[in-house]
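Single-structure report; data block below.
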Amino acid sequence: MIYQGKQKIWSDYQKEIPDDHWYYVRSCIRQNFFPGSERMFLEICRNVLGRDFHETEHHTTCGGIAYHCDTIPQETAMTIVARQFALMTEAGYENYVASCITSFGNYTEILETWHEFPELETRIRELLWKACRKEFRKPKYLAHTSDLIFKYRNEIAEKAVHHLVNKETGEPLRVVEHIGCHYAKMFPSKGIGGAEYPYVLAGMVEAWGGNVIDYPERRHCCGYGFRQYHIKANRGYSVSNTYKKFESMEPYRPDMIITNCPGCPYFLDRWQYVIAETEGKTYGQNGYGIPVFTYEEVAGLVLGYDPWDLGLQLHQVAVEPLLDKIGIPYVPEDKYKGLDRKEIMRPGLPQNLKCY
Amino acid sequence: MNEIVVIIGGGIAGLEAARQLLALGHSPIVIEKSDHLGGHVADWHKLFPDMKPAKDIVDELVSSSKDANIFLHTEISFINRLKDRYNIMLSNGISITSRYILFTTGFRLFDAAKKEEYGYGVYNQVITNQDLEKWFNTSKDSRIDNSAMKAVGFVHCVGSRDEKARNTQCSKVCCITAIKQAIELKEKFPDAEIYCFYMDLRLFGKKFEDFYIKAQRDCGIHFIRGRVSEVSENIDGKVIVKAEDTLAGRPMKVTLDLLVLMSGMVCNPDSTRVAGMMSLPIDSDGFLRSTDNVSRNTVSPKNGIFYAGACTGPKTVPETLAEARSAVLEIHNSIISRR
Amino acid sequence: MSMFGFRISPSSTIDLDKVDRNRFKKLCALEPDASKCMACGSCSATCSASEFSGMSVRKVLLCLQQGREKEAYAMMSSCMLCGKCLMVCPRGINTRHLILSISRIYGKEESI
Amino acid sequence: MNNVTHLSGYNNFVLPFMIGMIFVLSCCAIGAVRVILELPASDKKKFFLSLINPKIMAQNVRDWFCDCLFHVKLWKRNKLLGYMHSSIAFGWFMIILLGHIEVFLYTPDRIHKLWYPIFFRYFVAVNDNTMQGSFFFFLMDFFLLIILSGILLALVKRVRSRAFGMRRTTRLSFTDRIGLYSLWLIFPLRLLAEGFTADISGGSFLTMSLNHVLHSFLGSEMNMLPTWWAYSLTLGTFMCILPFSRYMHIPAEILLIPMRNAGILITHSRKGVSRLYVHTCPGCGVCIDACPMGAVKANNKDATVYLNRQLKRGNQRRINEISEKCLLCGKCSAVCQVGVEGDKLRIAQRTQIKYNLSPDYSKIDVNSLINTNNIFVNTANKNVSYTENKKVLYFAGCMTSLTPSIRKSMVSILNKSGVDWRFMDEEGGICCGRPMWMAGRLEQAKQMAEKNTEIIKTSGADMLLLSCPICYRIFKERYSLEGVEVLHHTEYIDRLVSEGRLNLSRSDTRYVYHDPCELGRGCNIYEQPRHVVSAVGELVEAAKNGKESVCCGGSLGSLTLGFDKRKPLTENALANLTAGSPDAIVTACPLCQSTFGRYSDRPVKDIAQIVDENS
């Protein structure tokens, strides 16, 4: 691997990201999958870094899942997006940041389509007006939330309490970065570092002390693939893709996986359990899995937030071995305590995958 | 009868044209940007189909055109048109006035790094056809490990027939070059498995098909119909290549010790730059546009300006030489008809 | 099927690293034409047996080179050795000897 | 003179002869018993029954004389060659016979001494009694002269084989060489020995004259015994080497003739009649010249004579190589003087090849191949006004589907003739099995035959018409299609023409007719196609034709011969065909047509095509 070669490509894919004043939209599914992540993003950006992020409860889904599942036509998806932009315009913002990779891809695709076919944009404006009497300006800058954490990565590193380093050996952790497919595969120029060698997460890992692993199936989909997972008959295909990735990364003995997509951490995490139960195979050390994190969770850990406040107890794969490795303190008894400090229910333990 | 003809480019087309012009009693002036004559062919090791050393051809051309005025390290600063002739200002400060300019500006090899998925410049074991020819000549390339050469792949059409690479044309010579190089590598590493990943095999020239048969039957080279879509590196530093075997209709992968990218021919930006000084038309493929592509392919739409070789599109060595001769004949006839 | 109602589906990828080439090399030694196919498909189009088992000399050769022996055997099961493929092959491949040689070298046990 | 020495009727010099004689007789006896024991039970029975069948026995006797002694086939081939062989064989036979007659007549008490007739002239002195045998003296000298002339020719043949009509001769093995030299020596030595004793034992024009010459400068007593010793030694050497040399063909042929006449076929690669064939091969090398592969010199060592030699030696690699390479055109069998069937012997070798994969045709659903196109359902065609109104099922065959001109012509001819016919394989069918049979995979071929038989039986046809001689041969030889006449289109067209159902117009075109191997040598169809060709144009004969026609080189018989290796064979065959400068080449086999068409400088047509064009 020639690192300079990658740097050259990264330098070709720079993206202009304004530093402040963003209109923030959430993902449909992330709050359920990893509830701490989006909260931590706003927490870090607003309270730690002091930036202006505006959010409104009136925004809806972007329609991306339905669009990619072929259940709504393109005009419908576009009109939904137009309404989101109208909310941003009403709030007086022109920088739009989405928490979801598919949303980001969806917005990018729609903006590019309008750019190529202005008559379609005109039609969508009409439709939006007819539907809810709203008008909109297109965002001046469009970003994914991981773009912003990437932008703030060095600031975070300066304030870091922990680093992605093995406390015992002093070696950097071996980190697999996994980029959501819709981040840059559709429009490589819209992603930091392009589609082949995306830099967005690699940059964070490097800034926070870790070592990025480049394994053969790096580009491969996590296995979610909406139509694959959503239909039960196709789930074997979904898990097969995940299996392929883990088989490929296994020889590198990764310590952790960092992702920037709503679906990826969920499937990379949960399918490890399915693979362990069906194939009897685990990928972490001593029968554990490889812990999977969102970049916000990693940022939170680095900044010293309590793991249970980050919602890490909702991970299937136990995160404790990694916390121990880095030396992040945590209270094991508090893992399943609710906000009211009362015990919530504990999950049953799997047969093959070791968990806490 | 003696007429000055400015030849832009000291590759094989330029040298052949100079030689023919000298033979006809004219005074060619060859302007070459680099420090050596012979262009791309000078970097090549052996030429298909007879495996003639490229050096022999270049040496022969250089020695037979030595009476021409040759400026190395020299570029065109500007050209302006006088009444019936051109004034050419060179970067070394010399200015030439001539009725005739011959473009033999050639091509540029597609920058394989632009096909990011192939990892040229990122993975150690990925090289180009040009790198391989240089290695044949010098035996020096840190990426080629003589001791561990068990599997080698050739990717055809790198930057050719590829809208994403902004080159829709076929570069014509890559298929046969890949087969030639595959055979040469097999001869050096008889135990290696060699794979050629192709979309079509366009083996149009004399004896090209014989090469193909030789590669299959005598060398056991595997031809896989499918374009490589993705290259990655495994933990041992070898490259994993993914393609679809379109004959089987199934995805395929293979681990290789060396991957050779057959970079195609793209237009030379220098020739576009100089053409721009005289408002010469550029074709949709980016190469210079001839008056027509059938009968007047060496003739530009402007008086006194002629083309030869790969400046108008990908060509083989013999085609380039033939075009150089043909262009000289056009120039000579034009000179005669003026009297 | 496991408790989930689904499981990992087998990969359809042809992994050339895992192909054992020894038998194919033996085949090439016995009938050098084995490596001459240019995949034109004439043999498949004319094959008398193709309607019974999908026989195609081209595909058989491809399968054997990719370690998909079972598929090749299935196709060959109805070959009648009639020689039409021999007649149409533009590369002059001795298809009949090729098929007989495959039948000798491949199969359950290795012989010769 | 010294009559006493001969009284005992024994001298030590007879020992070498006796050893050789006993050795060779026991070898032959063991060999014959072995061959007979190796026969399958049904063939054994057939063989013994044939021996008591007077008709077959008469045939045997005729063949023994014609083939073993007179070499009639060789005479037909080349007079010199015929004379050379028959002079030695018949002359020797006569000398032995006359020797025995002499013993029987003059010294009947010695008849039990096996050596006595051979060395008669040493043991018996001339006296009044034997003087009456001057008649025999003359005959003995006469046949000895005949033999010696044969030996002389044999010596000439070694130097100038072309004079004997042989371009190439066999490379002799070591034992063959010893056999040959001893054979050459036997009779000159006998002459010498008898010459020395002629004044005592009596002699005629040859031995007596020689005696006079010898006595003019040599003392007789001293030389007599050594020459008889030498004679006996060479005889003994010859007989001892015989079982290991090509001269084994002499006794082997005697057994082969009744076996062949009993109709016993090759059933095993090595045993039984195969073993007999191998030993019957005299190694004459006629098959080398005959072999169409001989167009390329390197192929000479793949002729049948060498197959037999390798079979004797048991060199499996070479046996396989020779067997798999052969085109199976059958020409070596056709020209073989002793009737060795080189093609069948090779198929028998091919059956021994071990295959791990075997096709399985049981899955093929015959019903999918039966449709309204090939079923005759109450189709008494009213328009047909001929008495012979057979329901004809036309099986074009695999190869014919690649020569649509033949198919089209046949369809046109059948329609013109008003025949009630159906296509058996218009949309493709099952191969006849002959190519598989030729590959030695007999079981698989039989399976295919069963499938096709089912289709033919279901169709309700009375006649099966074939365009491809390859199919024709196996349908004739191996199918049991009771009630269904099997015809090749050459026969059928000939029949249609002679019955007046097809009218042909004659043109001036000069056609040469190429006999396809499977149709001519394979099925004995030579005349019908020539009738037909003569009816549409002028028939020119090829340099070699009929049963000596030269294979086109495209034969499916050869398994290993590659495409490029066949080209010189085809060109050689074309040169043979075009010797008489015909305008076009006519054949009756789609494979020959395609093969010739590839390299021919003039049109190559099927007989059906020229008939269709001229009717």
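Below, each value reflects all heavy atoms present in this structure, side chains not excepted, and no hydrogens, waters or symmetry copies. Here is the naming used below: chain letters follow the sequence lines, and residue numbers restart at 1 for every chain.
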Report task. Please look at Ile102(C) and chain D and tell me whether the side chain, the backbone, both or neither of the residue comes under 4.5 angstrom of a heavy atom of that chain. Result -> both
Query raised in the report: Got a sec: does the NZ of Lys565(D) have more than 12 other heavy atoms crowding it under 6.0 Å?
Result: no
**Report entry** Glu324(D), part contacting chain C, at a heavy-atom distance under 4.5 Å
**Finding:** side chain
Report task. Indicate yes or no for a side-chain donor-acceptor contact from Tyr73(C) to the backbone of Ser358(D) under 3.5 Å, with no hydrogens or angles considered. Result -> no
Report task. Using a cut-off of 6.0 Å, state whether more than 12 heavy atoms not belonging to Lys301(D) lie near its atom NZ. Result -> yes
Report task. Kindly compute the distance separating SG (Cys431(D)) from NZ (Lys84(C)), expressed to the nearest 0.5 Å. Result -> 10.0 Å
Report summary line: So side chain to side chain donor-acceptor pair (under 3.5 Å) across residues 91-100 of chain C, not counting sequence neighbours, yields Glu209(B)-Arg91(C), Gln216(B)-Arg91(C), Glu31(C)-His97(C)
Query - chain C interface, residue from Ile470(D), Leu591(D), Ile430(D) that has the most non-hydrogen pairs under 4.5 Å - result: Ile430(D)
Requested in this report: Kindly compute the distance separating CZ (Arg104(C)) from CD1 (Ile353(D)), expressed to the nearest 0.5 Å.
Outcome: 4.5 Å
Query raised in the report: Just wondering, are more than 12 heavy atoms of other shown residues or ligands nearer than 6.0 Å to NZ in Lys36(C)?
Result: yes
Query raised in the report: Who in residues 552-564 of chain D is close to chain C, using a strict under-4.5 Å heavy-atom cut-off?
Result: Leu556(D), Ser558(D), Leu559(D), Thr560(D), Leu561(D), Gly562(D), Phe563(D)
**Report entry** Flag if over 12 foreign heavy atoms under 6.0 Å of NZ, Lys457(D)
**Finding:** yes
Report task. Answer yes when Glu51(C) and Lys363(D) have at least one side-chain N-carboxylate O distance shorter than 4.0 Å, and no when they do not. Result -> no
**Report entry** Reported CE-to-CE distance for the pair Met80(C) and Met436(D), which is rounded to 0.5 angstrom
**Finding:** 9.0 Å
Query raised in the report: Just how far is it from atom OG of Ser78(C) to atom CD1 of Ile364(D), taken to the nearest 0.5 Å?
Result: 5.5 Å
Query raised in the report: side chain to side chain contact (heavy atoms under 4.5 Å, CB included) with Lys446(D): which residues, sequence neighbours excluded?
Result: Trp437(D), Glu443(D)
Report, one line per pair, each donor and acceptor closer than 3.5 Å where one atom sits in a side chain of residues 43-50 of chain C; sequence neighbours left out.
from, atom 1, to, atom 2, distance (Å)
Ser44(C), OG, Ser56(C), OG, 2.7
Ser50(C), OG, Cys47(C), O, 3.1

Report summary line: Minimal heavy-atom distance between Cys79(C) and Tyr361(D), with the atoms involved, is O-OH, 2.7 Å
Query - Exercise: identify the closest heavy-atom pair between Cys82(C) and Met399(D) - result: O-CE, 3.2 Å
Report task. Against chain C, label Arg441(D) side chain, backbone, both or neither, depending on which of its atoms sit under 4.5 Å from a heavy atom there. Result -> side chain
**Report entry** Side-chain donor/acceptor of Asn356(D) to backbone N/O of Tyr106(C), under 3.5 Å
**Finding:** yes
